[in-house]
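Read the structure below first, then the notes.
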Amino acid sequence: MSNSESNNQKILFIFLFVSIPLFIGLAIWLAWWSVKNPKGVVVPQPTPSQTSSGVSIATSSPSSSGVTSPVPTSSSDPQPVSTPTPFKTEDVQGRISFGEKSLIPQEAVSETKQAGINAIATKKWTEAIDKLEELLKNKPNDPETRIFLNNAKIGDAKSYTIAVTVPLKNNLNGSLEILRGVAQAQHQINSSQGNQRVPLKVAIASDDDDPEVAKQIATALVNNPDVLGVVGHYASGVTLEAGQIYTAGQLVAISPISTSVELSNFKPYIFRTVASDSVAAKKLADYMIKNIQQQKAAVFFNSKSKYSLSLKSEFIKAIKPTGQVVNEFDLSDLNFSAADSVKTAMNNDAKVLMLAANTGTLDQALQVVTVNKKRLKLLGGDDVYAPKTLEIGGDDAVDMVVAVPWHIDNIRTAPFVSESRKLWGNVDVNWRTALAYDATQALIAAINLDPSRNGVQQALFSENLAIGAFDKVRFFKSGDRRDADVQLVKVVGDRTTGYKFEKMP
């Protein structure tokens, strides 16, 4: 035997001597592990303090809020809804507030407001009231503070509870407009006289206009038996996603903003106080065909927005057979060019540019306004109705016609208008505030008729349900508002006097 063969045998012997005990030990350990963990890795379970969905929210207990609706127990009653996707509990807690924290992301909370918030968190109601009232004297146009104050005045007394959910992080201005409507209705009912009046407590939720976040918030609200109704959501796509959870939990949600035609007959617990896109599209189409007598349009839209797609398709239907859409441009396309799009539209003999932009693509739509330089007529959906349009569009936006559900010049003598000016520091409110007020008034009326979730849903079909900002609030079985209409407004003004949206005849 050669020396090399002898060495190889020694190496093999040493390898077997060392490795065999290791393999035997590993086999014994794996056998022990399989007995102890038959299903594999163990997932940590929620603690007893969490809800059945694994999320908890900061709220008063049933005894402190005084809500009379019982916790569902029968098989026909709503059961707790499970969390649809993984989400951190602390994220949901941080997104819902009765006053124990501010949810306005861009705001540096003043010492006075923070003192009021801290007092609410520790149930020092008198101190909270003093601090928040002091703040509102100097900053009356703050609806979050107004809602916190209204809640603090209730304290531990009996009350009914609703929630309002808005995209504070993504659309602060639009969110505050909605909160003003809710706060005004809450202030009105809580300030009314009469021993039979049960005050209204309001939770604010911030959903980022994100369907996944909205579903988590909807789950938390459904699993809180104190909550008898929800005002929200904002974007149509978000309302469609969250609406499935509300319906599963038999909790009514009324959107003051969502206009997609998909929401008609969507779910039995989903309502809205705003007209659908079919109404707005017909108004804009009639104006184009009959008033300015044009037949060819190019449409700018966002293919990722339910609202934008809905308004686009309804407008295309409404201008037929007389008119036609010669181009469709996707504002969400990464390669979108406002200059190229306008040039193409003009080459195809378009005479009108219809902006079906949503809030997320308003900047791109305003690029179109700027590039167009008033060469082609401009039309817009309700998301174009924003201060940014006036600020950025300026002279280029003058004479643009926008369809909105309501304008304050329609009825300046209405009690809603005078009360809003008193409450918000002598400033005018817009359609989002009015329709959020209507949604809250509808919930208040329904809760007063039957303070249970099923009872609220049935009561919303009452013939004489509530008086809103400018009209009765009544609903069809489809969830749509009866007699919902749309008002056309026009951008007017100049650099000297400033710009505004003015009601058209």
Side-chain angles (χ1 to χ4, degrees), residues 171 174 235-236 257 259-260 277-289 291-292 294 296-319 323-333 336-346 348 350-405 431-432 486-492 499-502 504:
N171 186 350
S236 293
I257 298 294
T259 56
S260 170
D277 288 322
S278 62
V279 181
K282 187 175 187 312
K283 243 347 183 231
L284 291 169
D286 285 349
Y287 177 80
M288 172 180 147
I289 301 294
N291 292 64
I292 60 176
Q294 298 297 336
K296 293 184 179 181
V299 178
F300 294 78
F301 71 104
N302 178 3
S303 63
K304 299 174 183 176
S305 164
K306 291 282 191 181
Y307 153 72
S308 186
L309 287 169
S310 170
L311 182 59
K312 174 183 78 82
S313 63
E314 292 300 312
F315 179 77
I316 292 172
K317 286 182 198 173
I319 63 172
Q324 68 176 117
V325 170
V326 297
N327 289 105
E328 298 178 20
F329 300 104
D330 187 355
L331 296 166
S332 67
D333 190 325
F336 172 77
S337 166
D340 290 348
S341 299
V342 172
K343 182 179 179 180
T344 300
M346 293 181 73
N348 288 328
K351 303 299 182 185
V352 174
L353 303 180
M354 163 37 175
L355 306 179
N358 69 323
T359 303
T361 53
L362 182 56
D363 287 343
Q364 292 92 316
L366 293 178
Q367 290 173 17
V368 174
V369 173
T370 303
V371 167
N372 179 54
K373 296 293 181 187
K374 297 170 73 171
R375 290 174 292 177
L376 305 182
K377 297 289 186 182
L378 295 172
L379 303 177
D382 57 55
D383 268 8
V384 177
Y385 187 95
K388 184 186 284 188
T389 298
L390 304 177
E391 294 162 6
I392 296 176
D395 281 342
D396 294 325
V398 169
D399 291 332
M400 176 166 62
V401 173
V402 178
V404 295
W431 69 271
R432 295 182 184 91
V486 165
Q487 168 73 52
L488 295 183
V489 297
K490 181 186 285 189
V491 177
V492 299
Y499 305 94
K500 67 176 182 177
F501 292 99
E502 184 175 86
M504 295 178 66

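As the structure is a prediction and not an experimental result, all values here were calculated from the model. All residue numbers in this chain count up from 1 along the given sequence.
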- Task: Kindly indicate whether the side chain of Val352, heavy atoms from C-beta on, has any atom under 4.5 Å from the side chain of Lys296.
- Result: no
- With sequence neighbours excluded, what pairs up with Lys343 under the salt bridge (Lys or Arg N to Asp or Glu O under 4.0 Å) test? none
- Query: Taking only residues two or more places apart in sequence, or in another chain, which ones meet Asp382 in a side-chain hydrogen bond (donor to acceptor under 3.5 Å, both in side chains)?
  - Reply: none
- Results of side chain to side chain contact (heavy atoms under 4.5 Å, CB included) for Asp286 - residues two or more places apart only: Lys282, Lys290
- Message: Please enumerate all residues that pass side-chain hydrogen bond (donor to acceptor under 3.5 Å, both in side chains) together with Tyr287, with sequence neighbours excluded.
- Response: none
- Task: Answer with yes or no whether the side chains of Asn358 and Asn302 bring together a donor and an acceptor at under 3.5 Å.
- Result: yes
- Query: Is the shortest heavy-atom distance from the side chain of Asn327 to the side chain of Val299 under 4.5 Å?
  - Reply: no
- Message: For a 4.5 angstrom cut-off between non-hydrogen side-chain atoms, does Leu378 reach Asp399?
- Response: no
- Could you pull out all residues at least two apart from Leu376 that satisfy side chain to side chain contact (heavy atoms under 4.5 Å, CB included)? Met346, Leu353, Asn372
- For Asp395, check salt bridge (Lys or Arg N to Asp or Glu O under 4.0 Å) against everything at least two apart and list the hits. Arg495
- Query: Under 3.5 Å, is there a donor-acceptor pair between the side chain of Thr361 and the main chain of Ala357?
  - Reply: no
- Item | Summary of salt bridge (Lys or Arg N to Asp or Glu O under 4.0 Å) pairs that have at least one residue in residues 363-373, sequence neighbours excluded | Asp363-Lys388, Lys373-Asp396
- Message: Please check this pair: side chain of Gln364 against backbone of Phe301, looking for a donor-acceptor N/O pair closer than 3.5 Å.
- Response: no
- Query: Quick one: side chain to side chain contact (heavy atoms under 4.5 Å, CB included) partners of Asp333, sequence neighbours excluded?
  - Reply: Asp330, Asn335, Phe336
- Residues two or more places apart in sequence or in another chain: which of them pass side chain to side chain contact (heavy atoms under 4.5 Å, CB included) with Ser260? Ser236, Glu262, Asp277, Ser310
- Item | Listed partners of Glu328 passing salt bridge (Lys or Arg N to Asp or Glu O under 4.0 Å), at least two apart | Lys312
- Flag side-chain contact, heavy atom, 4.5 Å: Val489 against Val401: no
- Message: Going by the rule side-chain hydrogen bond (donor to acceptor under 3.5 Å, both in side chains), which residues pair with Lys304 if we only count those two or more places apart in sequence or in a different chain?
- Response: none
- By ring pair (Phe, Tyr, Trp, His ring centres under 6.0 Å), Phe501 pairs with (sequence neighbours left out) Tyr385
- Task: With the side chain counted from C-beta on, respond yes when Val402 and Leu355 share a heavy-atom pair under 4.5 Å apart, and no when they do not.
- Result: no
